[in-house]
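Heads up: the structure comes next, in structure tokens.
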Amino acid sequence: MSERTKLYYGEETKKALAVLGTAQTPRALIRAYGEVKLAALRAQQETARMYPADYFPFLEQAVQNVIDGAYDESFPLPLAQGGAGTSIHMNVCEVIACAANETYAAAFPSASFRAHPLDHIARFQSTNDTFPTAVIIMVYRELEEIENGVVKLQEQLVKRETEYENVLITGRTELQDALPMTLGQVFSAWSGPVERDRWRFNKLRERLRTIPLGGTAVGTGFSAPREYVFAAEKELRRITKLPLSRSQNLCDQVAHTDSLAECAYGMGLCADNLCKFAGDLLLYTSSLCGEMKHGEVQYGSTIMPDKVNPVLLELIRGKCLECSALAVLTGEYSRGGQLQLNANLPFMTQEFVRMSEDLTTSLGIASGKLTGMLQINSGVMEAHLSSSAALLNVFKDVLSYTEIKSLLPEIEKARIATKDSLADFLEQHTALERNVINEKLDITNLTGYAK
């Protein structure tokens with residue numbers, strides 16, 4: 001922090017710092033809380049005329065500055081806190097009041113009006129309806145960003161599904177050779193969970209858009225005029241450009257956080273799918289398999305010059321494992337709410353920030369650098385398939401089970417590496433005619449329904 005930076009918070013924030021320690025409230029939450037406050041203040045002015053006409057533009061500008069990040073250094077509180085977010089709400093109110101009063105006093109030195117952080121900036125509001133509203137806005141935007149990342153990854157996978165539709169690879173179950181399939185089918189299988197993630201995030205955003213603004217402390221709307229509540233809801237939609245809707249059951253909306261927990265679980269499922277995808281690629285690109293290649297992005301060893309580490313895949317896996325664990329933790333925080341409020345919401349918010357970072361980073365790597373540099377070793381794929389049980393298994397309807405079992409050791413001894421070599425071998429060592437062998441080894445018969 002620059003020595004010349006002015007800090008706009010007041011005594012209540014200082015008290016919170018003494019208890020909670022110093023950190024930095026996330027930018028995304030500051031922005032969202034500023035938008036909630038701007039909507040509330042405009043609704044106050046529209047319905048109750050709380051501020052002098054010449055003062056209100058300075059108040060609006062102060063809140064806009066909060067939204068734009070001009071006062072971020074005046075938000076030094078961590079999310080790990082008791083009080084259900086009251087410390088952050090106090091902080092927001094103090095910064096807005098202090099900044100607006102300062103600029104107003106400079107423009108009108110003789111004017112006596114000064115906004116009070118609580119009597120004015122928090123009028124008709126509680127932490128318990130404004131803080132969760134800000135969190136919902138923040139998470140909604142995070143889901144939008146994650147969904148965009150999911151769409152990009154799906155597009156990359158579908159592109160490669162088409163690109164590799166005629167490349168054969170060994171299909172494996174329980175890490176053992178099973179049956180032939182195309183590499184396009186492998187990428188198609190990877191794109192399936194990603195498509196479900198895309199659908200899931202779209203539905204999660206639809207359910208998340210309900211807000212508790214206007215419920216005040218316990219959802220009853222105590223002290224908030226009805227006209228103010230409707231005006232604040234309408235103004236918040238206009239400011240955020242999000243399809244927000246005030247809950248029809250504010251007591252429920254203030255008391256419960258299961259819709260946020262549902263979002264966390266959705267993020268966890270996305271992380272699980274990415275983890276599986278990266279885990280598969282770790283096997284395909286390993287020295288044990290070698291059918292694909294993870295390009296070198298940095299030196300792989302301080303002692304072994306010729307070694308490539310799958311650092312991108314390991315980074316995805318590490319972040320996704322963390323995201324999955326945080327999703328479970330978020331659910332635990334959600335069910336820990338009591339009576340008319342869940343005081344764990346700041347902790348849930350902290351985990352959402354971390355989960356969002358994990359997922360956006362992982363999706364960005366998966367759809368960008370990783371898929372761009374991933375190389376396919378079709379020669380190794382063909383060699384593995386041609387010498388494996390997987391290709392022999394397709395002859396099950398023209399050779400007996402016992403014959404196939406006896407042929408595999410001989411094929412392994414012959415070191416067969418291509419489909420043509422396998423066809424020659426089978427023509428010599430079985431009663432099958434060449435046209436039958438070729439038909440069975442045709443790619444459409446190997447990887448589709450029986451004809």
Side-chain angles (χ1 to χ4, degrees), residues 149-195 197 273-300 306-317 320 362-394 411 415-423 441-448:
V150 167
V151 170
K152 290 178 183 177
L153 178 57
Q154 183 187 14
E155 290 171 348
Q156 289 295 326
L157 294 175
V158 170
K159 176 183 176 182
R160 279 153 181 77
E161 176 185 347
T162 303
E163 183 179 349
Y164 301 130
E165 64 182 355
N166 293 315
V167 178
L168 281 172
I169 189 173
T170 306
R172 300 173 174 97
T173 61
E174 296 159 297
L175 298 182
Q176 304 297 318
D177 295 353
L179 284 169
M181 62 192 305
T182 69
L183 185 56
Q185 289 170 324
V186 172
F187 275 90
S188 174
W190 284 331
S191 72
V194 178
E195 182 179 2
D197 286 328
N273 290 332
L274 276 173
C275 203
K276 164 65 164 61
F277 170 62
D280 286 352
L281 285 175
L282 279 169
L283 290 173
Y284 281 126
T285 59
S286 71
S287 299
L288 301 173
C289 183
E291 293 175 348
M292 300 182 195
K293 185 176 180 181
H294 182 299
E296 184 176 74
V297 294
Q298 61 191 75
Y299 285 169
D306 194 12
K307 182 173 184 289
V308 175
N309 285 343
V311 291
L312 297 180
L313 293 172
E314 291 169 345
L315 179 60
I316 290 173
R317 291 257 289 181
C320 288
S362 298
L363 287 164
I365 292 170
S367 64
K369 197 165 190 176
L370 176 65
T371 50
M373 74 187 318
L374 195 66
Q375 298 174 27
I376 305 304
N377 196 335
S378 57
V380 172
M381 290 180 187
E382 184 177 13
H384 285 173
L385 179 60
S386 300
S387 62
S388 79
L391 208 50
L392 268 184
N393 285 335
V394 305
I411 288 174
R415 298 184 180 277
I416 290 173
T418 66
K419 276 200 308 174
D420 289 340
S421 298
L422 178 64
L441 293 178
D442 182 84
I443 189 170
T444 58
N445 293 324
L446 287 174
T447 61

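No experiment lies behind these values; they were computed from the predicted model shown. Only heavy atoms go into these numbers, but all of them, side chains included; no hydrogens, no water, no symmetry mates.
When every heavy atom of Pro180 is checked against every heavy atom of Leu391, the shortest pair comes out as CG-CD1, 3.6 Å. Here the closest non-hydrogen pair linking Val167 and Ser378 is CG1-CB, 4.4 Å. Nearest heavy atoms, Leu385 versus Ala390: CD1-CB, 3.9 Å. Between Gly368 and Thr371, the closest heavy-atom pair is O-OG1, 3.4 Å. Taking all atoms of both residues into account, the shortest heavy-atom contact from Val150 to Val194 is CG1-O, 3.3 Å.
Glu195 contributes atom CD, which lies 11.0 Å from atom CG of Leu157 (distance to the nearest 0.5 angstrom). Taken from CG in Leu168 to CD in Gln185, the straight-line distance is 9.0 Å, to the nearest 0.5 Å. Atom CG of Leu422 is separated from atom OG of Ser387 by 9.0 Å, given to the nearest 0.5 angstrom. Here the CD1-CG distance, from Ile316 to Leu282, works out to 9.0 Å after rounding to the nearest 0.5 Å.
Put simply, the side chain of Leu374 reaches to within 4.5 Å of the side chain of Met292, judged on heavy atoms. In this structure, the side chains of Gln156 and Arg160 come closer than 4.5 Å at one or more pairs of heavy atoms. Contact check for Cys289 versus Leu283: no side-chain heavy atoms found under the 4.5 Å cut-off. No side-chain heavy atom of Glu291 sits less than 4.5 Å from a side-chain heavy atom of Ile376. Inter-residue side-chain proximity for Phe277 and Leu281 is flagged as met; some heavy-atom pair is nearer than 4.5 Å. Leu370 has its side chain within reach of His294: a pair of non-hydrogen atoms, C-beta onward, lies under 4.5 Å apart.
In this structure, Asp177 contributes its side chain and Thr170 its backbone to no donor-acceptor pair below 3.5 Å. Ser188 contributes no side-chain N or O that, together with a main-chain N or O of Gly184, makes up a donor-acceptor pair within less than 3.5 Å. Remark: side-chain polar atoms of Ser386 are paired, donor with acceptor, to backbone N or O of Lys419 under 3.5 angstrom. A donor-acceptor pair under 3.5 Å is absent between the side-chain atoms of Arg317 and the main chain of Lys276, judged by distance alone.
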Under the criterion salt bridge (charged side-chain N to carboxylate O under 4.0 Å, His left out), I'd like the reasoning laid out for Lys159 against Glu165: C-alpha separation, chi angles, the key distance, then a yes or no.
CA-CA 10 Å; Lys159 176 183 176 182; Glu165 64 182 355; over 6 Å; no
Apply the test side-chain contact (heavy atoms from CB on, under 4.5 Å) to residues Leu153 and Leu274: give CA-CA distance (whole Å), side-chain angles for both, the deciding distance (0.1 Å), then the verdict.
CA-CA 10 Å; Leu153 178 57; Leu274 276 173; 3.7 Å; yes
Would you sort out whether Leu392 and Ile411 count as a side-chain contact (heavy atoms from CB on, under 4.5 Å), showing the intermediate values?
CA-CA 10 Å; Leu392 268 184; Ile411 288 174; 3.5 Å; yes
Apply the test side-chain contact (heavy atoms from CB on, under 4.5 Å) to residues Glu161 and Ser191: give CA-CA distance (whole Å), side-chain angles for both, the deciding distance (0.1 Å), then the verdict.
CA-CA 9 Å; Glu161 176 185 347; Ser191 72; 4.1 Å; yes
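At a cut-off of 3.5 Å, with distance as the only test, no side-chain donor of Gln176 or Arg172 sits close to an acceptor on the other residue. Between the side chains of Asp420 and Thr418, not a single donor N or O lies within less than 3.5 Å of an accepting N or O.
Only one option out of Ile169, Thr444, Thr447 pairs with Thr182 in a side-chain contact (heavy atoms from CB on, under 4.5 Å); it is Thr447.
Here ring pair (Phe, Tyr, Trp, His ring centres under 6.0 Å) pairs that include residues 159-183, with residues two or more places apart or in two chains, are Tyr164-Phe187.
Residue-environment remark: CD (Glu314) exceeds the threshold of 12 foreign heavy atoms within 6.0 Å.
When the side-chain hydrogen bond (donor to acceptor under 3.5 Å, both in side chains) test is applied to Glu382, no partner is found at least two apart in sequence or on another chain.
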